[in-house]
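Here the structure is laid out as structure tokens; the discussion comes afterwards.
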Amino acid sequence: MAYKPAARGYRGQMLMGPETTFGELPADPKGWKIPFNTEALVISRNKNTAATLRGTRNPAEPFDGNTSVDGDLVVPVDTTTFGVWLMMLFGKPVSAAEQSLYKHTFSAGEELPSFWAEVLIATQTPLHKRSTGCKINTFALEAGGDGELVATLGLMAAKQTHETAAAVSAPVALPFNRLANFEATLKVDGQPTANVMNFSLSMENGLDGDVRLLGGQGFRADLPEGLMGLSGSMEALVTDSDFYTKALASTPLALELAFIKGAESLTIKLPQVQLQVTGPAVNGPAGMKMTWNWQAYSPQPDDAAMTVELVNTLENYDFA
């Protein structure tokens with residue numbers, strides 16, 4: 001048998017684009033070429049053990065169960081291309097000119113858009129791993145430290161196939177202006193804070209992955225959204241009792257995490273946050289720090305629990 005070299009991960013490329021009908025590649029698909037760090041959106045189907053009795057101890061033929069397509073996608077955070085993922089997480093933004101740039105404001109809609117995603121697996125005969133009916137179930141971002149600034153997207157999809165040709169021959173490549181952890185600032189109640197070391201944010205969309213219909217061959221027919229969950233944590237130096245006092249009284253805080261690079265920026269706004277009560281512990285002689293867990297919410301049904309603003313050179317996220 002002739003040796004075949006393994007596909008190289010560095011040659012992987014990702015395309016993705018919006019769907020008009022859930023789970024179906026559009027007849028004339030439009031797509032973006034998207035940078036990514038790792039991708040683990042994979043198909044799985046249970047191989048179930050039969051309990052059939054046949055007068056022998058030898059096992060009967062197994063049978064197939066339902067099919068799922070799930071996995072995490074890790075992407076770098078920047079001021080422009082990252083907006084594509086924000087659009088899949090929130091829906092289309094409100095875009096407006098701001099001096100010589102454009103501000104795009106994202107807030108959660110009632111339904112998540114679905115999209116298709118395709119990753120090139122660079123074997124000798126290239127194959128294109130194509131997933132349709134994709135939605136973002138979870139979103140996580142951490143600011144602080146010396147590592148690369150990335151976001152982790154927990155994806156769910158309806159189907160996945162291996163194709164011999166890409167869905168789009170000429171995808172749109174958006175500008176990429178990378179953001180870094182050292183460019184982060186945090187405001188609490190509108191005032192810059194200088195005692196927070198790390199900040200984490202987690203968003204959950206509560207997708208129901210068990211909607212399968214008779215005649216659907218075990219594939220997902222839909223991914224309905226549930227209630228949104230917004231939570232996270234702050235690791236802060238112990239400098240006073242302010243956070244403790246507000247946590248004890250369930251006093252809401254407004255948090256604003258921003259990454260600013262020149263005139264372009266990414267800003268995450270959480271207007272109403274409550275801290276979980278905890279207290280400082282003396283764990284040794286060094287400077288004291290502690291972690292405050294928080295939950296964000298909307299006081300009124302029409303209030304946005306979180307908004308994200310991108311300022312960049314892109315006029316809108318429509319295809320030309």
* Asked: Which residues satisfy the ring-ring contact (aromatic ring centres under 6.0 Å, His included) test with Phe82, sequence neighbours excluded?
  -> none
* OG1 of Thr81 to CG of Leu174: how many Å apart, nearest 0.5 Å? -> 4.5 Å
* **Under 3.5 Å: donor-acceptor pair, side chain of Arg8, backbone of Gly12** => no
* Structure fact -> In terms of heavy-atom contacts, Gly209 and Leu223 come closest through CA-CD2, 3.8 Å
* Which pairs count as ring pair (Phe, Tyr, Trp, His ring centres under 6.0 Å) when at least one residue sits in residues 116-174, sequence neighbours excluded? -> none
* Do you reckon Ile121 sits in the same ILVMFWY cluster as Ile34, going by side-chain contacts under 4.5 Å, direct or chained? -> yes
* To do: Could you tell me the separation between the CE atom of Met234 and the CG atom of Leu201, rounded to the nearest 0.5 Å?
  => 12.0 Å
Donor-acceptor pairs under 3.5 Å, side chain of residues 243-256 to any protein atom, not counting sequence neighbours: which ones?
{"from": "Thr245", "atom 1": "OG1", "to": "Ser241", "atom 2": "O", "distance (Å)": "2.9"}
{"from": "Lys246", "atom 1": "NZ", "to": "Asp189", "atom 2": "OD2", "distance (Å)": "3.3"}

* Where at least one partner belongs to residues 21-66, residue pairs that pass ring pair (Phe, Tyr, Trp, His ring centres under 6.0 Å), sequence neighbours excluded -> Trp32-Phe319
* Structure fact -> Distance col, row Ile268:CD1 vs Leu141:CG, nearest 0.5 angstrom, shows 5.5 Å
* To do: Tell me, please, which residues at least two apart from Phe259 pass ring-ring contact (aromatic ring centres under 6.0 Å, His included).
  => none
* Structure fact -> By salt bridge (Lys or Arg N to Asp or Glu O under 4.0 Å), Glu235 pairs with (sequence neighbours left out) none
* Would you say the side chain of Glu204 lies within less than 4.5 Å of the side chain of Met228, judging by non-hydrogen atoms? -> no
* Asked: Within a strict 4.5 Å, meaning less than it, do heavy atoms of the Val77 and Leu266 side chains meet?
  -> yes
* If you draw a 6.0 Å radius around CD in Gln217, do more than 12 non-hydrogen atoms from other residues or ligands fall strictly inside? -> no
* Structure fact -> Minimal heavy-atom distance between Ala167 and Pro29, with the atoms involved, is O-CG, 3.5 Å
* **Hydrophobic cluster membership, Leu257 vs Val311, 4.5 Å side-chain cutoff** => no
* Structure fact -> Exactly one candidate in Gln160, Arg130, Gln13, Lys129 meets side chain to side chain donor-acceptor pair (under 3.5 Å) with Glu118; the answer is Arg130
* Structure fact -> Only one of Asn205, Ile136, Leu207, Leu41 passes side chain to side chain contact (heavy atoms under 4.5 Å, CB included) with Met156, and that residue is Leu207
Without placing hydrogens or testing angles, list every side-chain donor-acceptor pair under 3.5 Å for residues 86-99, not counting sequence neighbours.
{"from": "Lys92", "atom 1": "NZ", "to": "Asp318", "atom 2": "OD1", "distance (Å)": "2.7"}
{"from": "Ser95", "atom 1": "OG", "to": "His104", "atom 2": "ND1", "distance (Å)": "2.6"}
{"from": "Glu98", "atom 1": "OE1", "to": "Lys103", "atom 2": "NZ", "distance (Å)": "3.3"}

* At what distance, to the nearest 0.5 angstrom, does CG of Leu179 lie from CD of Glu264? -> 8.5 Å
* Can you tell me how far the OG atom of Ser298 sits from the CG atom of Leu270, to the nearest 0.5 Å? -> 12.0 Å
* Answer yes if Val168 and Met14 sit in the same cluster of Ile, Leu, Val, Met, Phe, Trp and Tyr residues linked by side chain heavy atoms under 4.5 Å apart, and no otherwise. => no
* Asked: Under a 4.5 Å cut-off applied to non-hydrogen side-chain atoms, are Glu309 and Thr105 in contact?
  -> yes
* Say you draw a straight line from OG of Ser265 to CD of Glu183; how long is it, rounded to the nearest 0.5 Å? -> 11.0 Å
* Partner set under salt bridge (Lys or Arg N to Asp or Glu O under 4.0 Å) for Asp146, not counting sequence neighbours -> none
* Sort and list the pairs that fulfil salt bridge (charged side-chain N to carboxylate O under 4.0 Å, His left out) and have at least one residue in residues 290-301, not counting sequence neighbours. => none
* Asked: Is any side-chain heavy atom of Val84 closer than 4.5 Å to a side-chain heavy atom of Tyr317?
  -> yes
* Asked: Do the side chains of Leu15 and Trp85 join up, straight or via other hydrophobic residues, at under 4.5 Å, putting them in one cluster?
  -> no
* Is it possible for you to say whether Val69 and Leu120 belong to one hydrophobic cluster, with membership spreading through side-chain heavy-atom contacts below 4.5 Å? => no
* Asked: Between Glu142 and Ser200, does a side chain to side chain donor-acceptor pair (under 3.5 Å) hold up when you go through it step by step?
  -> CA-CA 4 Å; Glu142 296 185 3; Ser200 74; 5.5 Å; no
* Do Asn312 side-chain atoms and Thr79 backbone N/O form a donor-acceptor pair below 3.5 Å? -> yes
* Asked: Under a 4.0 Å N-O cut-off, is there an ion pair linking Asp78 with Arg178?
  -> no
Give every donor-acceptor pair under 3.5 Å between a side-chain atom in residues 271-279 and any protein atom, sequence neighbours left out.
{"from": "Gln272", "atom 1": "OE1", "to": "Tyr297", "atom 2": "OH", "distance (Å)": "3.3"}
{"from": "Gln274", "atom 1": "NE2", "to": "Tyr297", "atom 2": "OH", "distance (Å)": "3.2"}

* Indicate yes or no: at least one non-hydrogen side-chain atom of Pro76 is less than 4.5 angstrom from one of Asn37. => yes
* Is the backbone of Ile43 close enough, under 3.5 Å, to the side chain of Arg45 for a donor and an acceptor to pair up by distance? -> no
* Structure fact -> All heavy atoms of Gly218 vs all of Asn66, minimum pair found to be CA-OD1, 3.5 Å
* Measure across Asn181 and Gly144 and return the closest heavy-atom pair with its distance rounded to 0.1 Å. => OD1-N, 2.8 Å
* Do Pro62 and Asn48 have side-chain heavy atoms sitting under 4.5 Å apart? -> no
* Asked: For Lys135, which of Glu225, Glu19, Glu111 qualifies under side chain to side chain donor-acceptor pair (under 3.5 Å)?
  -> Glu225
* Evaluate the side-chain proximity of Thr80 to Pro175: yes if any heavy-atom separation is below 4.5 Å, no if none is. => yes
* Step-by-step salt bridge (charged side-chain N to carboxylate O under 4.0 Å, His left out) determination, Asp210 to Arg212 -> CA-CA 6 Å; Asp210 292 326; Arg212 295 179 172 88; 3.7 Å; yes
* Flag yes if more than 12 heavy atoms outside Lys33 fall under 6.0 Å of its NZ atom; otherwise flag no. => no
* To do: Any chance you could pull the hydrophobic cluster mates of Met197, using side-chain heavy atoms under 4.5 angstrom and chaining through other members?
  => Leu237
* Structure fact -> Contacts satisfying ring pair (Phe, Tyr, Trp, His ring centres under 6.0 Å) that involve residues 195-224 (not counting sequence neighbours) are Phe199-Trp294
* Is Thr138 close to Leu153 at the side-chain level, that is, under 4.5 Å between some pair of heavy atoms? -> no
